[in-house]
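Ligands are counted one by one from 1 in listed order, and the atoms in each one are counted from 1 as well. The basis for the numbers below is simple: all heavy atoms, side chains too, and nothing from hydrogens, waters or symmetry mates. This is a predicted model, so every value here is computed, not measured.
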Amino acid sequence: MVPSSVRSCLFPVAGLGTRFLPATKEVPKEMIPLIDRPLIHYGVEEAAGAGCREMVFVTSREKRSIEDYFDRSFDLERALRRRGKDKLCQTIAEISELASFSYVRQREPLGLGHAVLCGEPLCSQGYFGVILPDDVMIGDPPVLSQLVSVHEKMGGSVIALEEVEADETSRYGIVRATYSGEGLWRVTDLVEKPLPQEAPSRLAIMGRYVLSPRLFDLLRDLPRGRGGEIQLTDGLRRLLEEEPIWGVTYKGRRYDCGTRESWLRATVSLALEDPSLREIVLDVVRKEAMTELTEC
Ligand code: G1P
């Protein structure tokens with residue numbers, strides 16, 4: 001993979017993960033597995049696939065297992081080799097070779113814009129990626145890579161967009177934008193989580209960004225916005241006064257893993273796509289359906 005012009009990718013992972021309690025009492029929500037890998041692994045693979053070489057995690061207390069996950073585990077590797085599990089050993093060793101990893105703490109939960117600002121000292125090299133790991137994106141090329149390509153062609157910042165239902169606008173940042181063809185939009189305004197009647201469109205921001213380093217200065221001076229937090233969307237609105245922002249209706253599938261229900265859907269969907277797991281899911285569902293039918 002050729003390194004891209006976007007070298008760093010920032011992962012805001014400081015959240016408490018209250019929707020998954022008690023599972024997340026001791027385990028960060030980013031470490032919850034989707035099939036056989038933690039959620040965060042998918043995000044890091046996506047960034048590496050987009051040519052990013054430096055992964056920057058904005059963390060909080062209790063997130064040390066993320067750090068351990070992306071480090072070498074010599075004891076485990078030795079144990080696996082002793083048992084003749086060389087392939088598994090290689091898979092484990094390769095995790096730490098995906099990129100270089102660095103960590104900075106977000107000391108107060110002041111919102112996504114604040115989390116991005118905390119990453120500034122570690123994202124010193126021009127435009128940088130941001131991945132919100134709750135959304136697992138499977139695309140070919142990887143979704144972040146699609147954004148990087150637009151950045152390299154058009155310049156400016158780029159955000160991933162997806163059309164949502166009218167009653168879902170209050171869950172996302174929503175843009176006003178003009179269509180430029182081939183899935184590309186010129187963003188003209190952004191609003192964080194508007195009510196349906198106030199939303200400028202149904203085009204929602206979907207947790208993948210390529211951002212200008214100028215954004216850091218703007219975030220630093222930003223007053224608190226919605227929910228008393230420093231909102232990334234508000235920072236982007238300021239950025240728009242100075243630099244272009246492009247939106248991409250990306251090609252790929254999105255698996256929302258932010259709630260128990262959506263995570264379950266994601267798990268079942270991915271299992272159905274895996275030839276070694278598909279029959280197991282269908283078998284469980286068939287048996288369950290049969291029992292329901294006999295009980296009717
Ligand atoms: C954040 C952003 C929002 C974006 C969303 C995507 O919201 O603030 O603009 O649409 O991620 O998942 P959050 O989900 O952190 O509340």
Side-chain angles (χ1 to χ4, degrees), residues 9-20 24 28-30 32 39-40 42-43 46 57-60 106 108-119 129-139 143-144 147 157-177 185 187 189-196 198-211 215 218-219 222-240 245-250 252-263 265-266:
C9 186
L10 188 149
F11 296 84
V13 293
L16 285 177
T18 49
R19 288 183 188 139
F20 282 94
T24 46
K29 82 170 166 182
E30 297 77 16
I32 287 179
L39 292 180
I40 190 70
Y42 291 87
E46 183 186 334
F57 293 88
V58 179
T59 70
S60 58
Q106 182 182 19
E108 290 174 275
L110 292 180
L112 182 58
H114 179 254
V116 169
L117 184 56
C118 291
V130 174
I131 286 186
L132 308 187
D134 272 9
D135 274 334
V136 169
M137 304 269 207
I138 311 283
V143 174
L144 190 67
L147 271 59
S157 300
V158 190
I159 56 185
L161 296 176
E162 187 182 307
E163 193 164 310
V164 295
E165 297 297 329
D167 62 357
E168 289 180 321
T169 57
S170 57
R171 287 174 48 199
Y172 300 99
I174 302 289
V175 302
R176 185 192 304 279
W185 300 78
V187 175
D189 200 5
L190 311 94
V191 192
E192 181 66 4
K193 304 197 173 92
L195 294 170
E198 285 155 12
S201 76
R202 289 199 280 127
L203 284 173
I205 306 171
M206 282 303 166
R208 298 295 184 273
Y209 309 76
V210 167
L211 297 176
L215 185 70
L218 301 173
L219 285 172
L222 206 63
R224 295 192 189 194
R226 203 175 187 284
E229 296 186 340
I230 297 173
Q231 296 290 349
L232 180 58
T233 304
D234 295 343
L236 291 173
R237 199 166 195 218
R238 287 275 173 89
L239 184 67
L240 199 53
I245 299 180
W246 298 96
V248 176
T249 35
Y250 59 89
R253 280 160 296 140
R254 180 174 66 92
Y255 297 100
D256 172 5
C257 297
T259 64
R260 275 178 0 146
E261 295 76 9
S262 61
W263 169 84
R265 268 181 200 283

Atom 1 (C) of ligand 1: nearest protein contact (heavy atom, Å):
L112 CD2, 3.9 Å

Approximate separation, where rounding is to 0.5 Å, of L219 CG and Q231 CD:
10.5 Å

Nearest-0.5 Å distance that lies between atom CG in L239 and atom CD1 in I245
4.5 Å

Does R208 reach the main-chain N or O of D135 with its side chain, forming a donor-acceptor pair under 3.5 Å?
yes

Pair R19 + D134, salt bridge at N-O below 4.0 Å:
no

Should K193 be listed as contacting ligand 1, given a heavy-atom distance under 4.0 Å as the test?
yes

Mind checking whether F20 and W263 have parallel, tilted or perpendicular rings, split at 30° and 60°?
perpendicular

How close does the nearest protein non-hydrogen atom get to atom 8 (O) of ligand 1, and which residue and atom is it?
E192 OE2, 2.7 Å

Report the nearest protein non-hydrogen atom to atom 12 (O) of ligand 1: residue, atom name, distance rounded to 0.1 Å.
D135 OD2, 4.0 Å

Within a distance under 4.0 Å of any heavy atom of G173, pick out the atoms of ligand 1 and give their elements.
3 (C), 4 (C), 9 (O), 10 (O)

List ligand 1 atoms under 4.0 Å from Y172, heavy atoms only on the residue side.
10 (O)

At a non-hydrogen distance cut-off of under 4.0 Å, which region of L132 contacts ligand 1 (side chain, backbone, both, or neither)?
side chain

Any L232 heavy atom less than 4.0 Å to ligand 1:
no

Ligand-residue contact atoms, ligand 1 with T233, heavy atoms, under 4.0 Å:
9 (O)

Tell me whether Q106 contacts the main-chain N or O of G111 through its side chain, where contact means a donor paired with an acceptor under 3.5 Å.
yes

E46 side-chain N/O to L144 backbone N/O, donor-acceptor pair under 3.5 Å:
yes

For ligand 1, is any non-hydrogen atom under 4.0 Å from I205's backbone (N, CA, C, O), its side chain (CB onward), both, or neither?
both

